[in-house]
Engineer: 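Structure incoming, see below.
Below, each value reflects all heavy atoms present in this structure, side chains not excepted, and no hydrogens, waters or symmetry copies. Because the structure is predicted, anything quoted here is derived from the model rather than measured.
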Amino acid sequence: MRPRAAPRAPAGAAAALGLCSLLLLPLGPGHACPAGCACTDPHTVDCRDRGLPSVPDAFPLDVRKLLVAGNRIQRLPEDFFIFYGDLVYLDLRNNSLRSLEEGTFSGSAKLAFLDLSYNNLTQLGAGAFRSAGRLVKLSLANNHLAGVHEAAFESLESLQVLELNDNDLRGLSVAALAALPALRALRLDGNPWLCDCDFARLFSWIQENVSKLPKGLDKIQCSLPLENRRVFLHELSEASFHECRFTLSLTDLFIIIFSGVAVSIAAIISSFFLATVVQCFQRCTPNKDAEEEEEEDEDD
């Protein structure tokens with residue numbers, strides 16, 4: 001006997017099943033790939049040099065490596081890492097980023113490599129990379145950074161490589177670098193550093209951590225305010241900043257004034273309190289002369 005053929009599903013049901021399969025396919029992690037991009041493996045999306053005006057969407061939620069260098073991206077969505085929390089490697093080189101909004105890296109708990117070089121960043125605010133505590137390498141080279149907040153790198157306790165070279169930095173707070181306990185390599189060359197009294201603290205830090213500078217002091221220059229010329233840091237020493245030893249910043253002056261006022265107020269309050277205690281003690285203690293007079297009256 002010939003085996004019976006399996007019963008065929010109605011044509012309408014087959015079409016509906018095929019449509020559902022197509023709709024469900026992009027939602028499966030590791031399968032959807034943005035139009036015009038290449039997905040070389042289930043966890044890598046390559047969208048380099050595509051002329052994209054924004055970060056592409058509709059790609060695998062479990063993506064770990066995203067390459068979007070060489071585009072025209074101007075901003076990184078605030079909720080980007082909320083959806084792509086598995087991202088480990090993000091290459092945003094050579095784009096048009098102008099700023100990093102607060103909270104941009106919320107949810108980036110696994111991000112280890114971040115390349116923001118060759119963009120248009122001008123300032124780094126406090127906590128710019130908050131929540132990106134597992135960053136190991138951060139490149140900010142070849143931007144237009146003119147200011148870095150002293151708390152810009154807070155929470156980056158795992159950061160080992162930081163590239164700040166080829167920006168517009170004239171000064172940098174030592175506190176910003178002190179917040180990086182695992183730092184091993186730091187690029188500071190290619191900036192128009194100003195060798196004033198504010199730079200003196202940074203110079204001392206650099207001398208103590210010169211082993212962390214891949215190119216040493218030979219590639220870092222700064223301008224001397226009074227001489228109007230640039231020198232390499234290896235030509236300077238602590239003696240070059242001897243005039244700054246007793247120079248106080250505006251913040252230091254405020255602290256000294258506030259401390260003086262606080263001490264004065266505390267002294268006045270203490271004196272008033274002691275005087276009150278003494279007076280009360282004198283009132284409560286019996287007078288010896290009065291006691292003697294009372295004793296004489298009793299004898300009489």
Side-chain angles (χ1 to χ4, degrees), residues 64-65 76 81 85-93 99-117 119 121 123-143 145-191 193 195 197-220 222 233-234 236-238 241 244 249 251-252 255:
R64 297 177 186 172
K65 187 173 184 179
L76 197 58
F81 288 98
D86 288 335
L87 202 62
V88 176
Y89 190 108
L90 177 57
D91 184 0
L92 272 163
R93 287 175 299 160
S99 62
L100 297 176
E101 299 179 16
E102 185 176 356
T104 296
F105 294 93
S106 296
S108 60
K110 297 182 180 180
L111 189 65
F113 179 94
L114 177 60
D115 194 341
L116 298 173
S117 59
N119 275 278
L121 299 175
Q123 298 285 334
L124 288 181
F129 303 98
R130 189 177 291 119
S131 301
R134 292 192 180 182
L135 267 182
V136 175
K137 181 176 181 180
L138 172 60
S139 180
L140 294 160
N142 296 92
N143 275 274
L145 288 174
V148 175
H149 194 278
E150 63 180 15
F153 306 126
E154 66 177 8
S155 78
L156 300 186
E157 298 181 356
S158 301
L159 193 69
Q160 298 182 17
V161 180
L162 175 60
E163 297 178 348
L164 291 171
N165 53 292
D166 299 292
N167 277 284
D168 296 327
L169 293 172
R170 294 165 65 86
L172 179 65
S173 172
V174 173
L177 302 177
L180 305 172
L183 189 64
R184 295 184 179 181
L186 174 65
R187 291 282 305 276
L188 294 174
D189 48 288
N191 284 286
W193 301 109
C195 284
C197 291
D198 289 334
F199 188 81
R201 296 187 179 94
L202 180 60
F203 181 74
S204 297
W205 186 94
I206 288 175
Q207 284 196 314
E208 295 172 1
N209 297 272
V210 67
S211 60
K212 298 178 181 179
L213 304 177
K215 297 189 177 183
L217 301 179
D218 298 337
K219 298 297 182 180
I220 304 177
C222 68
L233 291 195
H234 72 266
L236 303 175
S237 65
E238 292 288 347
F241 300 93
C244 300
S249 66
T251 302
D252 295 333
I255 292 174

Engineer: Mind checking whether L233 and F199 have side chains closer than 4.5 Å, heavy atoms only?
Structural biologist: yes
Engineer: Take a 6.0 Å sphere around CD of Q207 and say whether it holds more than 12 heavy atoms from other residues, nucleotides or ligands.
Structural biologist: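 Atom CD in Q207 is packed in, count exceeds 12.
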Engineer: Please name the pair of heavy atoms, one in S117 and one in D115, separated by the smallest distance, quoted to 0.1 Å.
Structural biologist: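 S117 and D115 have their closest heavy atoms at OG-OD1, 2.6 Å.
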Engineer: Check for a donor-acceptor pair, side chain of N142 on one end and backbone N or O of R93 on the other, with a separation under 3.5 Å.
Structural biologist: no
Engineer: Measuring from L188:CG to N165:CG, what's the distance to the nearest 0.5 Å?
Structural biologist: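 Reported value, rounded in 0.5 Å steps: 8.5 Å.
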Engineer: Specify the closest pair of heavy atoms between H149 and A176, including all atoms of both residues, with the distance to one decimal.
Structural biologist: O-CB, 4.0 Å
Engineer: Are side-chain heavy atoms of E163 and K137 found at a separation under 4.5 Å?
Structural biologist: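 The answer is yes, as the side chains (C-beta and beyond) meet within the 4.5 Å cut-off.
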Engineer: Drop me the distance from L140's CG to L114's CG, to the nearest 0.5 angstrom.
Structural biologist: 7.5 Å
Engineer: In Å, rounded to the nearest 0.5 Å, how long is the span from CG of L213 to CG of D189?
Structural biologist: 8.5 Å
Engineer: Hey, are the side chains of F129 and L159 touching, using non-hydrogen atoms and a 4.5 Å cut-off?
Structural biologist: no
Engineer: Mind listing the closest non-hydrogen atom pair of L169 and G147 along with its distance?
Structural biologist: CD2-N, 4.0 Å
Engineer: I'd like to know whether F105 forms a side chain to side chain contact (heavy atoms under 4.5 Å, CB included) with L135, so could you lay out the CA-CA distance, the side-chain angles of the two residues, the decisive distance to 0.1 Å, and finally the verdict.
Structural biologist: CA-CA 11 Å; F105 294 93; L135 267 182; over 6 Å; no
Engineer: What distance separates L180 CG from S158 OG, expressed to the nearest 0.5 Å?
Structural biologist: 10.5 Å
Engineer: Would you say R64 has more than 12 foreign heavy atoms packed within less than 6.0 Å of its CZ?
Structural biologist: no
Engineer: When you measure from the side chain of N191 to the backbone of W193, do you find a donor-acceptor pair of N or O atoms at a distance under 3.5 Å?
Structural biologist: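 Side chain of N191 to backbone of W193, a donor-acceptor pair under 3.5 Å: no, none is there.
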Engineer: Verify, without hydrogens or angle tests, whether N167 (side chain) and N143 (backbone) share a donor-acceptor contact under 3.5 angstrom.
Structural biologist: yes
Engineer: Once you round to the nearest 0.5 Å, how far does CZ of F81 lie from CG of L111?
Structural biologist: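 Nearest 0.5 Å value for the CZ-CG distance: 5.0 Å.
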Engineer: Is the cationic atom of K65 (NZ for Lys, CZ for Arg) positioned less than 6.0 Å from the six-membered ring centroid of Y89 and within 45 degrees of its normal?
Structural biologist: yes
Engineer: Does any non-hydrogen side-chain atom of R187 lie less than 4.5 Å from one of P214?
Structural biologist: yes
Engineer: Are the side chains of L116 and L100 in touch, meaning some heavy atoms are under 4.5 Å apart?
Structural biologist: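 A side-chain contact under 4.5 Å exists here.
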Engineer: How long is the straight-line distance from NZ of K110 back to CZ of R134, given to the nearest 0.5 Å?
Structural biologist: 7.5 Å
